[in-house]
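The sequence lines fix the lettering, A, B, ..., with proteins before strands; numbering per chain opens at 1.
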Protein chains: 2
Amino acid sequence: MQPSIDTQSLSALFAPKSIAVVGASAEATKIGGRPIDFLKRFGYAGEIIPVNPRSSEVQGLKAYPSLTEIPGGVDLAILSVPASAVVGAVEDAAKKGVKSLVVFSSGFAEVDEAGRAEQDRMTQIARKAGMRILGPNCLGFANVALKANATFSPVIGVGQATPGRVAIVSQSGAFGAYAYSLARGRGLGLSHWIATGNEADVDVADCIGWLAGSDDTDVILAYLEGAKDGRKLMRALEMARAAGKPVIVAKVGRTSLGAAAAASHTSALAGEDAVYDAALRQCGAYRAKTIEEFFDIGLAISSLGLPKSNRIAIVTVSGGVGVLMADDALEAGLDVAETPADAQAKIKELVSFAAPRNPVDTTGQVASDRTLLDKVLNIVLATGRYDMLATFHAAAGLSPEFGMHTAELVGRIRKEHPHLAYACCALFRPEVAKAIEETGCMPFEDPSRMMRTLGALAGVARAMRTKPLPVETPKSAPAPKGVLNEADALRALGAAGVPVVPSAICRSADEAAAAAQKFGFPVVAKIASADILHKSDIGGVKLRLADAAAVRAAFDEVTANAKKAAPQAKVDGVLIAPMISGVVECIVGVQNDPAFGPVVMFGLGGVMVEVLKDVSFRAAPFGRDVALDMIREIKGYKVLEGVRGAPPADLDALADALVAVSRFAAAADDSLETLDINPFVVRPKGQGALALDAVLVGR
Amino acid sequence: MQPSIDTQSLSALFAPKSIAVVGASAEATKIGGRPIDFLKRFGYAGEIIPVNPRSSEVQGLKAYPSLTEIPGGVDLAILSVPASAVVGAVEDAAKKGVKSLVVFSSGFAEVDEAGRAEQDRMTQIARKAGMRILGPNCLGFANVALKANATFSPVIGVGQATPGRVAIVSQSGAFGAYAYSLARGRGLGLSHWIATGNEADVDVADCIGWLAGSDDTDVILAYLEGAKDGRKLMRALEMARAAGKPVIVAKVGRTSLGAAAAASHTSALAGEDAVYDAALRQCGAYRAKTIEEFFDIGLAISSLGLPKSNRIAIVTVSGGVGVLMADDALEAGLDVAETPADAQAKIKELVSFAAPRNPVDTTGQVASDRTLLDKVLNIVLATGRYDMLATFHAAAGLSPEFGMHTAELVGRIRKEHPHLAYACCALFRPEVAKAIEETGCMPFEDPSRMMRTLGALAGVARAMRTKPLPVETPKSAPAPKGVLNEADALRALGAAGVPVVPSAICRSADEAAAAAQKFGFPVVAKIASADILHKSDIGGVKLRLADAAAVRAAFDEVTANAKKAAPQAKVDGVLIAPMISGVVECIVGVQNDPAFGPVVMFGLGGVMVEVLKDVSFRAAPFGRDVALDMIREIKGYKVLEGVRGAPPADLDALADALVAVSRFAAAADDSLETLDINPFVVRPKGQGALALDAVLVGR
């Protein structure tokens with residue numbers, strides 16, 4: 001079943017007009033008391049309805065003994081009762097016609113199998129009644145604008161975050177709470193904060209999908225430990241991209257140790273990390289590697305906006321730090337485009353020994369002439385060449401006079417160049433940093449962190465500009481079961497539009513010689529048997545056969561070698577195929593990922609794959625644009641452009657072949673266990689690309 | 001001439017008992033007024049002597065018209081006069097017998113050739129008189145303990161840094177000022193702060209060498225834009241390593257753009273960045289890539305100390321963040337060793353669904369039982385398995401009760417386990433962070449930054465533990481001038497102890513067949529001519545010659561091909577050599593680096609070098625330990641360990657060969673322009689390694 005993202009039903013959950021709290025406590029610091037305290041204290045405008053069988057009044061509000069006895073409608077019921085009482089409460093909620101549930105209670109799938117069964121029961125009851133569930137074992141959520149704090153997290157009690165247009169969704173409660181505090185501390189304006197816990201029903205993908213359609217959110221920060229359904233996650237990310245909303249993802253479990261720990265911690269099946277990486281990129285999401293980066297980028301998008309290009313001007317008062325910033329900029333994928341010659345001349349007129357090329361160094365002269373930096377910036381920005389700007393002011397932000405002068409300068413630039421994504425770096429006194437933040441510029445204390453953030457911002461902007469080619473889902477075409485021999489695998493691929501080398505399975509030396517004659521010399525001869533996997537190792541392959549006599553001899557030899565090495569093997573004959581040369585050898589594969597389904601892999605053959613794991617992935621199916629991205633992504637890409645005088649390889653043919661493989665894989669879907677095309681040879685530009693050998697395992 | 005590090009003469013400069021200020025100003029905010037103000041204000045105990053021809057009193061101190069008229073001795077004279085007056089003042093200082101100079105004045109080598117000539121003049125005068133010079137065009141220095149603030153940097157005026165045992169040396173003034181402010185802001189205790197400017201005499205290497213022998217300094221932070229003399233820098237770093245003092249280096253110019261900007265900014269000749277990287281590593285220095293890292297590590301070394309090993313325990317209250325920390329730890333080279341089984345069982349007894357393996361996740365239970373974290377930490381640390389500890393407390397540091405409890409817990413651990421390098425991460429209120437700092441633990445707000453810092457700390461500790469084998473400088477043996485042909489190059493290398501393939505240059509087909517017979521078949525035949533560089537391209541190479549007839553035919557063929565392709569070439573004959581097979585092809589090279597002299601390069605052949613630039617460098621000469629480091633450092637190292645069933649390569653023979661090449665290069669020194677051994681083949685373990693071909697260019 002294609003899992004759906006039903007965003008409509010989530011509105012009652014995340015923007016409720018009435019909230020009942022089952023297990024309501026009179027004590028504001030108890031788990032069942034906190035949401036009532038938060039809702040009242042921060043001014044939630046909807047109805048707050050405590051449910052408590054032993055009390056008719058809770059925290060000054062009228063309480064009811066059970067959900068069913070509440071007179072009016074209930075958008076959301078928070079369940080804060082022991083695990084054993086949850087199913088009963090869910091049944092009450094269903095009877096009452098409650099629209100959605102937040103289940104704080106723990107003791108379910110995160111503990112043991114019995115807990116998982118209980119969790120499944122509650123989910124079934126809710127699904128039947130059309131109720132959505134957030135949780136169980138979750139911290140809840142906060143709709144910041146509505147002040148709907150359906151959570152027991154004590155961090156909310158410390159103070160509400162500033163309302164804003166960034167949403168945070170976290171699978172982990174502890175991370176969610178930490179993130180909320182961090183957002184509040186850094187002044188990141190929030191629309192929604194959601195912790196999904198065990199995800200019995202609503203998962204991170206649902207939240208992203210709902211936020212994609214929500215008017216109050218521009219940017220989504222999502223924290224993942226694993227996704228049971230990667231394809232649903234991809235659809236949610238596509239919804240966000242279509243809505244023009246950047247999604248920043250922190251996904252833990254990058255290393256094998258991390259992944260092992262993640263698996264022990266969550267009940268989700270963590271997919272291969274490189275596949276996650278690729279899938280996120282494929283949907284235009286940005287993966288942050290650290291929590292700091294996660295917030296820096298969120299803040300940068302919401303305060304600086306997305307730049308039109310990655311061309312950045314770097315203007316500093318220190319040549320050395322300018323160099324450092326240029327290094328960081330290049331590593332972050334920014335284009336430190338040279339200033340035009342006339343601008344360079346004008347800068348040189350102002351300060352004869354300035355470095356005017358970009359990075360622009362005004363030199364220490366700024367200390368004696370405080371208008372100098374303004375003038376240099378005017379010259380640089382008047383060129384119209386840049387969409388991004390980074391300035392470095394050393395310790396100027398600390399001095400009483402220079403500090404506010406810097407803030408004024410920043411404010412003027414923001415006003416005159418509103419479309420510029422502008423960040424600045426210096427040591428600031430807090431009031432100077434605050435004044436700069438208010439102009440819509442982002443102050444940093446570390447230049448490298450600033451450049452990394454700007455680089456990520458440009459990357460996000462580029463991803464948002466990228467409109468992937470529409471990809472139609474191919475008609476289902478299951479793969480044959482079991483292990484296919486080379487000829488059958490190539491035939492199946494050929495039928496699906498993947499270019500394959502012509503070949504013939506020959507039963508005699510005469511047949512082999514005739515086939516070779518037809519293909520043209522030289523040819524190769526290989527033993528054809530699904531039972532023999534490593535043909536070369538047993539002398540089952542003969543290359544560069546230049547004439548009919550050599551082909552006949554080879555037929556006899558490989559047949560004899562196979563019989564000797566594997567007397568039990570079922571042999572179909574000897575495969576004769578043209579010998580292809582002058583090419584780049586690649587590997588193209590498909591694996592069925594537990595989270596993302598069929599995923600296509602691409603890499604160069606040999607050491608690049610074996611030792612460096614230099615491969616790229618994309619979820620199938622995809623179009624030519626995505627295929628070209630995955631080709632360019634490998635570190636060894638230059639080999640395909642031609643090295644040491646070799647001609648450039650036929651990238652078009654390679655891209656077309658990857659698209660065909662992706663469609664083949666998507667059509668086969670879960671019936672295809674693995675496919676390995678090795679080697680897949682790419683010939684010089686204009687001469688095509690061919691699968692020479694393949695192993696296909698269906699199930 | 002071997003440039004020396006004369007540390008003795010630097011003591012008068014950096015620990016002066018009397019300071020004269022030439023160009024002394026009555027105004028405390030003018031450049032010539034600031035050092036007097038700083039010296040007085042912060043309580044310098046030595047003599048302060050203003051020099052001003054137009055005033056007998058400056059800022060309340062008796063002033064003299066010139067240096068020569070001062071009655072007593074002068075350890076240090078600060079020159080704050082126009083560039084045109086500097087040489088005169090240096091002459092006066094020489095006459096007076098002043099021991100050292102700090103020259104603030106700019107307008108020298110940083111501006112133009114005339115400036116450079118003037119700078120050279122002042123240096124000559126000073127050298128003759130035995131005076132050391134810091135500058136010109138420099139901010140000066142501060143000896144924090146002595147309160148000797150021989151600087152005009154306004155950042156000093158804002159407030160002195162805390163006295164401590166970390167020294168900062170910066171080539172750049174702007175960076176130096178920024179660094180001083182940052183150190184003061186972060187509470188990093190400083191011994192010395194030095195900005196070297198144009199480095200007419202005293203350079204960063206001198207400062208490192210002097211600090212290595214200075215009693216008041218434990219850690220050295222050095223900022224470099226380039227070093228004119230890399231070998232001197234290496235000697236200084238070795239002095240620091242021998243003294244047990246870690247050196248953290250920030251060297252800008254990592255990318256080609258950065259390096260270009262660096263060159264435009266300084267008058268130093270920036271060496272190839274990868275060579276810098278290798279040379280710093282070779283001397284046990286740690287290269288920080290960002291300013292943040294530069295200070296984080298400095299602070300970590302001085303507050304946490306150097307751990308005995310990289311085994312770290314990670315204890316968190318959030319499983320997800322634990323996973324993130326484990327990922328970061330592995331990437332930072334830490335060993336997240338599993339907790340012993342009995343410790344795991346004890347943790348499980350406390351919290352049944354905790355993750356006990358490391359990262360240890362106590363789960364959200366800590367919120368209801370605040371003694372839980374203490375208990376779990378006791379169990380983990382009682383194992384004695386760890387020398388490092390990282391804890392994550394989410395937002396606990398923000399809450400009034402939990403915050404100080406966390407600080408107490410941290411303090412207890414520091415007290416009970418003083419040898420543990422311990423950092424913790426949480427959102428803290430400032431007073432909690434301060435309390436934690438005072439225990440000698442390091443508080444962070446970002447877990448990844450914490451793990452990177454701990455990883456770097458472990459790396460520094462390892463580098464400090466490493467005692468490189470003693471390396472004797474080989475006797476000078478200049479390389480022959482010009483381009484050597486293959487046979488001559490191999491002969492020269494063979495004489496120097498590098499294993500080379502045996503070969504014979506043959507003048508006739510008979511000679512060739514006889515030589516082949518002697519070596520044993522198969523053999524290769526190559527045209528021998530220094531004029532023909534790409535022999536394969538013109539048909540000048542024949543491989544796998546299996547018998548005498550084949551050798552004779554090959555002799556005739558390559559001779560004919562060479563004559564056809566390069567009729568003008570001087571041909572010495574045909575080289576016959578055994579055909580070596582079953583091997584890993586490598587490249588070994590030497591380049592003469594402008595800063596570091598002969599540098600040995602190592603890499604795997606083919607794509608790994610051509611496309612991925614997967615090579616390692618070390619300055620020559622070096623021992624076996626360093627050779628093994630450089631072999632293991634390349635990304636493709638696994639190829640040498642044997643992939644796809646290939647046997648492991650003879651690493652011992654490879655290492656010995658690299659040592660021999662390094663000694664050959666060091667003996668040849670500047671007479672060797674380049675050496676390329678390609679291929680250098682490494683055979684299976686126990687079977688040796690051989691240079692098959694080489695090009696040597698002498699000068």
Stepwise side chain to side chain contact (heavy atoms under 4.5 Å, CB included) test for B:Leu324 and A:Lys251: CA-CA 8 Å; B:Leu324 180 74; A:Lys251 154 82 176 68; over 6 Å; no
For B:Val252 against A:Asp327, the heavy-atom pair lying closest together: C-OD2, 4.0 Å
Single hit among A:Leu640, A:Val639, A:Leu604 for side-chain contact (heavy atoms from CB on, under 4.5 Å) with B:Val611: A:Val639
Can you tell which part of [X] gets under 4.5 Å to a heavy atom of chain A, answering side chain, backbone, both or neither?
X	result
B:Ile291	both
B:Leu427	both
B:Tyr223	side chain
B:Leu182	both
B:Phe392	side chain
B:Val158	neither

Residues, nucleotides or ligands: over 12 heavy atoms within 6.0 Å of A:Lys638 NZ: no
Salt-bridge present (B:Arg186, A:Glu445; N to O < 4.0 Å): no
Chain A contacts, top residue of B:Ala250, B:Ala426, B:Ser181, B:Ala395 (heavy-atom pairs, under 4.5 Å): B:Ser181
Leading residue by heavy atom contact count with chain A [cutoff under 4.5 Å; candidates B:Ala394, B:Pro154, B:Gly185]: B:Ala394
Does a side-chain heavy-atom distance below 4.5 Å link [X] with [Y]?
X	Y	value
B:Tyr178	A:Pro447	yes
A:Lys289	B:Asp328	no
B:Leu398	A:Val155	no

Nearest-0.5 Å distance, CZ of residue A:Arg449 to CZ of residue B:Arg449: 7.0 Å
CG on A:Asp446 to CG on B:Asp296, rounded to 0.5 Å: 8.5 Å
Chi angles and distances behind the side chain to side chain contact (heavy atoms under 4.5 Å, CB included) call for B:Leu612, A:Lys635: CA-CA 7 Å; B:Leu612 297 186; A:Lys635 294 191 198 80; 3.8 Å; yes
